Amino acid sequence: MSATSARPSPAAQPSGGAFILKKALISAAVALVLFSLMIGVRTEAGPQGGLIYWTRFGDLAAMVGTVFGGSIIVELLRQWWGPIDKDRIVPKPVQSAMSFAGRWLAPALLVFAFLVPVIFYNQRYILDLSILVLTYVMLGWGLNVVVGLAGLLDLGYVAFYAVGAYSYALLATNFGLSFWVCLPLAGILAAFWGVLLGFPVLRLRGDYLAIVTLAFGEIIRLVIINWQSLTGGPNGVSGIPRPTMFGIPLTPGDDGLAARLGIEFSPTHRLVFLFYLILAMALLTNWVTIRLRRLPIGRAWEALREDEVACRALGINTTTTKLTAFATGAMFGGLAGAFFATRQGFISPESFTFQESALVLAIVVLGGMGSQLGVALAALTMIGGFELFRGFDQYRMLVFGMAMVVLMIWRPRGLIGHRAPTVFLERNQAISSDLVKEGHG
Amino acid sequence: MDYFAQQLINGLVLGSIYGLIAIGYTMVYGIVGMINFAHGDIFMIGGFIALISFLVLVSLGLTAIPLILLIVLLVSMAITALYGWTIERIAYRPLRHSFRLAPMLSAIGMSFVLTNFSQVSQGARVKPVPPIITGGYTLHEGPAGFAVQLSNVQIMVVLATIVVLALFTWLVSRTRLGRDMRACEQDQTMAALLGVDVDRTISMTFVIGAALAAVAGMMYLLYYGLVDFFMGFVAGIKAFTAAVLGGIGSLPGAMLGGLAIGLIETMWSAYFSVEYKDVAAFSILIVVLIFMPTGLLGRPEVEKV
């Protein structure tokens, strides 16, 4: 289907004050009907158990007024900027500027990441937040293998995160194994589950695959909740041992790291250690992904993303290609899960809801599918933005949902909407992703 | 045997509710080719609007239950349909020609918006209502004192489903709009060339799907006597499972899939464990898709090169 057909030219768009006013009035009328009952009337269970209600016409009027004003502003902006679905192909100078920035931004960010514990040594909050951001960077890079490189839409990625977290938690609390033994085990177990999910869904494509992975994620979560004897059910697993620095615990005791080095103990040491641990794990994910992209298997993934039929015609074994993508992505998810368990010291099924999967997927897509730098920037934006609204807990997900919609309309191809080719003739040049048409993976 | 018959009735009633939601998924998928992730939440909004309008009507002094229910049904269908229209306008229309992940993510975002909108505006607690329709029939008295019951609510849910489905089938097969919808499902570009207003048809698809979801929401409220802000997610995935099971894009398939999921769920809870009923429903989805990738009544997908 042609993307340019049946679209009015910009000149045909009506403009002028009367048009804007009419549009705003219609929006306000629609908002009045939409919100009339949901906001105008508030229900609550009364003292006798029956439902009582009271009216909030003031709030309703405020909402309708906001929609009226907002509609005028949006319409003015649109007339100023031109229609949003105008040609999105980036002009040449911007492209070269972006690729220049891209070349220097990544090393600069990396250096900054290494220096974060030095700069913010005494600010626990910032350290905690950066550990969180890095966890999502790692998850994003892990899912990027499945969604960004292989083009397989996975809505149940959180299942592997959960498998990793529970593997470490159960192995460590039941058998007393150390973090460094459990970490690879968690990765292997998660990869195994990835293959297990991969097998049945190999024949599915596109949205069917999405819904099966979503169902799979829910199955894992429901089993964790209901298998009380193993997983502790909704109460979760607590008392998960903290990681040691290769056998040396980070505790105030005599055998702790601080005592051995002869320095004063501080709980920040553990945070700094955790920070470098997740940074190393994230960088490992990134390194493995970049290396894999250059191997035949990585190229097969990308070919699969672009066109599955052509892939098969070229003799690429789509079965193993899909399975390896699932397994690799799942392994990184599992490793991140083990880290999550050791950082929290407590895990419960509440941490592994569909919301998390959607968040990680949003990071990958917003980053610009397949772009490593884009994913890191998107994780920083999303998690940082999410933190800004910590005070308004109730409104946080509401704003997050709206942001997802607006970001998709504004930049459907993600922050970094170009692709670096793995094979190139003479000169490496970024390709705008508007030129790329995706097949059904 | 009596127990089985009772579960069969319960399963069919639950299945009709799922089927009504599933039709919304299947219609949108058939025409636009995307999963409308927010559809489950539209069902939830429909339940809420039915609840609130019922409360308001009762406090206004209306006493005739059939009249109240009719007004509630119409109000809830109208407002929920407007929700469907608005969502299509805001979140899906600008992305219609975009690459396939973008509309899916904006749909997921929209689903978060709706869930949290109703949580913020109506509170997080479950809203119970006392039974509105009471009474019923005893179909068969067993020797052990177990009686197969058919309550009036159950009759009403099934009857409403049949009426709505009959209206809907007439709409799709006999009216101009239905013809436009079928044309858009075949080929949007060709339909546009032949004078079909594609934008309007897609809008109407969302409107009709949302209205059907509102009927399902009201039936859910009548049958279970409660609504809460989170009920859209699980009901949504189950209805989507039903749509896929029946073969997505096929309208009779959606109803059949809905009934199948309802029956599987009640039978599993009756004979195995209640806790794992959702696991059973989702596992069946996976198993069916392995052996029948296009569902029960779906047409095989043709690969175009």
Side-chain angles (χ1 to χ4, degrees), chain A residues 1-3 5-6 30 33-34 36-39 41-45 49-51 53 84-85 147 153 200-201 203-204 206-208 210-212 214-216 218-219 222-223 225-226 309-310 354-355 358 361-362 365 369 394-395 397-398 400-405 408-409 412-413 437-438 440, chain B residues 29 34-35 45 48-49 51-53 55-56 59 79 82-83 86 90-91 94-95 97-102 104-106 108-113 115-123 125 127-130 188-189 192 233 237 240-241 244 275-276 278-279 282-283 285-286 289-290 293 303 305:
Chain A
M1 193 189 311
S2 160
S5 68
V30 168
V33 178
L34 288 186
S36 57
L37 288 177
M38 286 303 279
I39 288 184
V41 180
R42 173 78 154 90
T43 56
E44 198 55 80
L51 278 181
Y53 78 91
I84 47 162
D85 50 5
V147 179
L153 184 48
V201 302
R203 292 169 48 182
L204 306 175
D207 298 321
Y208 285 99
I211 207 73
V212 167
L214 172 62
F216 178 77
E218 280 298 292
I219 289 176
L222 288 167
V223 168
I225 291 178
N226 289 311
V309 180
F354 170 63
Q355 226 171 332
L361 185 67
V365 175
M369 307 229 306
Q394 247 195 330
Y395 297 93
M397 282 311 290
L398 190 65
F400 174 68
M402 283 180 195
M404 254 167 98
V405 174
M408 276 304 117
I409 295 171
R413 290 286 180 171
K437 264 230 165 113
E438 241 133 275
H440 282 275
Chain B
Y29 192 91
M34 65 169 277
I35 300 176
I45 294 272
F48 261 101
I49 287 173
L51 171 86
I52 298 168
S53 51
L55 277 181
V56 172
S59 76
I79 298 185
L82 195 62
Y83 269 91
T86 314
I90 294 177
L95 291 171
H97 297 288
S98 192
F99 86 128
R100 68 192 166 87
L101 266 180
M104 177 157 224
L105 269 180
S106 80
I108 293 174
M110 213 62 219
S111 153
F112 286 163
V113 169
T115 309
N116 290 280
F117 164 67
S118 73
Q119 187 191 0
V120 167
S121 65
Q122 296 293 329
R125 266 186 279 171
K127 314 274 174 190
V129 285
Q188 274 182 36
T189 318
F233 179 65
I237 314 182
F240 189 81
T241 303
V244 172
E275 293 86 28
Y276 286 100
D278 293 355
V279 175
F282 299 145
S283 309
L285 169 78
I286 297 180
L289 282 179
I290 295 170
E303 281 175 22
V305 186

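Note that the structure is predicted; figures quoted are calculated from it, not measured. First the proteins, then the strands, lettered A, B, ... as listed; each starts at 1.
Using a 4.5 Å cut-off between heavy atoms, Phe117(B) touches chain A through backbone and side chain atoms alike. With a 4.5 Å cut-off on non-hydrogen atoms, Leu95(B) touches chain A through its side chain but not through its backbone. Contacts of Leu285(B) with chain A are made by side-chain atoms alone, with heavy-atom separations under 4.5 Å and no backbone atom involved. Contact of Thr241(B) with chain A is not made at all, since no heavy-atom distance falls under 4.5 Å. Contact annotation for Val147(A): only side-chain heavy atoms (C-beta onward) come within less than 4.5 Å of a heavy atom of chain B. Neither the backbone nor the side chain of Ile225(A) comes within contact range of chain B; no heavy atom of the residue lies under 4.5 Å from a heavy atom of that chain. Heavy atoms of Ile49(B) lying under 4.5 Å from chain A belong to its backbone as well as its side chain.
Atoms CZ and CZ, from Phe112(B) and Phe233(B) in turn, are 8.0 Å apart once rounded to the nearest 0.5 Å. Going from atom CD of Gln188(B) over to atom NE2 of His97(B) covers 7.0 Å, rounded to the nearest 0.5 Å. To the nearest 0.5 angstrom, Phe48(B) atom CZ is 12.5 Å from Ser53(B) atom OG.
Among Ile90(B), Ile45(B), Thr115(B), Val56(B), the residue with the largest count of heavy-atom pairs under 4.5 Å with chain A is Val56(B). For the set Val405(A), Thr43(A), Leu214(A), the count of heavy-atom pairs under 4.5 angstrom toward chain B peaks at Thr43(A). Residue with the most contacts toward chain B among Leu34(A), Leu37(A), Leu222(A): Leu34(A) (heavy-atom pairs, distance under 4.5 Å). Considering only heavy-atom pairs separated by less than 4.5 Å from chain A, the leading option among Ile237(B), Val129(B), Leu55(B), Val244(B) is Leu55(B). Between chain A and the residues Val279(B), Leu105(B), Ile286(B), Ile79(B), the largest count of heavy-atom pairs under 4.5 Å involves Leu105(B). With respect to chain B, the highest number of heavy-atom pairs below 4.5 Å among Val365(A), Ile219(A), Val223(A), Val212(A) belongs to Ile219(A). Comparing Ser111(B), Pro130(B), Ala91(B), Pro128(B) by heavy-atom pairs within less than 4.5 Å of chain A, the highest count is held by Pro128(B).
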Practice item. Decide yes or no on side chain to side chain contact (heavy atoms under 4.5 Å, CB included) for Glu44(A) and Lys127(B), but give the supporting numbers first. Key: CA-CA 7 Å; Glu44(A) 198 55 80; Lys127(B) 314 274 174 190; 3.9 Å; yes

**Study point:** side chain to side chain contact (heavy atoms under 4.5 Å, CB included) between Met104(B) and Met34(B), worked out
**Key:** CA-CA 7 Å; Met104(B) 177 157 224; Met34(B) 65 169 277; over 6 Å; no

Exercise for review: Could you walk me through whether Met397(A) and Gln355(A) pass side chain to side chain contact (heavy atoms under 4.5 Å, CB included), step by step?
Suggested key: CA-CA 9 Å; Met397(A) 282 311 290; Gln355(A) 226 171 332; 2.6 Å; yes

Exercise for review: Check step by step if side chain to side chain contact (heavy atoms under 4.5 Å, CB included) holds for Leu51(A) and Leu51(B).
Suggested key: CA-CA 10 Å; Leu51(A) 278 181; Leu51(B) 171 86; 3.6 Å; yes

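No donor-acceptor pair under 3.5 Å is formed between the side chain of Gln119(B) and the backbone N or O of Tyr395(A).
Applying the side-chain hydrogen bond (donor to acceptor under 3.5 Å, both in side chains) criterion to Ser118(B), with sequence neighbours excluded, gives no partner residue.
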